[in-house]
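Written out below as C-alpha cells is the structure these notes cover.
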Amino acid sequence: MKSPEVDTPISTDSEKNQTKNGFLALVSKLCFEETLPIRFMYKTVPEHLNDTGWRMFTGYETEEFLEDELSNLVPIPVVKMCSLDPSLSELVTFNAGTVWERAPGSDSWERVYDYKIPSPNVDVEITNDIDRFNVEPKD
C-alpha cells in the first residue's frame, strides 16, 4: 500500500472538517486604506478564541509593513470580508495550513503549496544543567 503524500489531502472533506472557532481574520490595512483586493491569504493556527487563523493580504505589503503586525493588520469579521469579496466564501472553509493566491485582475484562486506560513517567534532555552532547577527554598 502506498502511503499518502503529506501535502495531498485524503479527500476534500478532510480539508474542511476542522473544528471551527472564532469569527475574526487579520486583514492588511492596505485593503481598506488603498481599497485593494485580497490577493493572498493563508490560515494559521488561531491565536485566541475569536481568531479564525485567516490572514489576508493584498500582495503589495513590504517586509517592514508586515513586521508591524499590530499597526498594519486589522481584525475584521470573516463574514464581512466574504460580503466584500464573495470569492472568499468557499476558501475560508479550509483548515489551518492552507494558502491561496490570485493574480492581479484574475477572479480565480490558486492553491499554493510551497509557502511556509509564519509562526510566532518564541524564545525557548533548553538545558541539561540539572543544577539550574535545584533552587534552595527561602525561609
message: With a 4.5 Å cut-off on side-chain heavy atoms, are L73 and F57 touching?
response: yes
message: Set out, in order, the CA-CA distance, both residues' side-chain angles and the distance that settles ring pair (Phe, Tyr, Trp, His ring centres under 6.0 Å) for F65 and Y60, then state yes or no.
response: CA-CA 10 Å; F65 182 92; Y60 293 107; over 10 Å; no
statement: Exactly one candidate in E34, R39, E33 meets side chain to side chain contact (heavy atoms under 4.5 Å, CB included) with L36; the answer is E34
field: Interatomic distance, T62 atom OG1 to N72 atom CG [nearest 0.5 angstrom]
entry: 8.0 Å
task: Quick one: pull up CD1 in I38 and CZ in F40 and give me the separation to the nearest 0.5 Å.
output: 11.5 Å
query: Once you round to the nearest 0.5 Å, how far does CD of E47 lie from OG1 of T52?
result: 10.5 Å
- prompt: Between K43 and D51, does at least one N-O distance fall below 4.0 Å, as a salt bridge requires?
  reply: no
query: About how many Å separate SG of C82 and CD1 of I76, when rounded to the nearest 0.5 Å?
result: 12.5 Å
message: Has K29 got a side-chain atom pairing as donor or acceptor with V74's backbone, closer than 3.5 angstrom?
response: no
- request: Indicate, with yes or no, if F94 and I117 share a hydrophobic cluster defined by side-chain heavy-atom contacts under 4.5 Å among Ile, Leu, Val, Met, Phe, Trp and Tyr.
  value: no
- prompt: What's the spacing between E69 CD and R55 CZ if we round to 0.5 Å?
  reply: 6.5 Å
query: Among the clusters formed by ILVMFWY side chains lying less than 4.5 Å apart, do L88 and L84 turn up in the same one?
result: yes
- request: Go through Y42 and W54 one step at a time and tell me if the ring pair (Phe, Tyr, Trp, His ring centres under 6.0 Å) criterion holds.
  value: CA-CA 6 Å; Y42 61 81; W54 281 107; 8.2 Å; no
- line: Between V78 and L24 the two heavy atoms that sit nearest each other are CG2-C, 4.0 Å
- line: side-chain hydrogen bond (donor to acceptor under 3.5 Å, both in side chains) test vs D85 passes for just one of S87, S89, S83, namely S87
task: To the nearest 0.5 angstrom, please state how far the CE atom of M41 sits from the OG1 atom of T58.
output: 14.0 Å
- request: Find out whether L91 and W109 are in side-chain contact, i.e. whether some heavy atom of one side chain is under 4.5 Å from a heavy atom of the other.
  value: yes
query: So, for R102 and P37, which heavy atoms are closest and what is the spacing to 0.1 Å?
result: NH2-CB, 4.2 Å
query: Is a side-chain donor or acceptor of T35 paired with a backbone partner of F32 at a separation under 3.5 angstrom?
result: no
query: Run the side chain to side chain contact (heavy atoms under 4.5 Å, CB included) check on M56 and V92 step by step: do they pass?
result: CA-CA 11 Å; M56 301 178 180; V92 297; 4.1 Å; yes
query: When hydrophobic residues are tied together by side-chain contacts of less than 4.5 Å, even through go-betweens, does L66 share a cluster with W100?
result: no
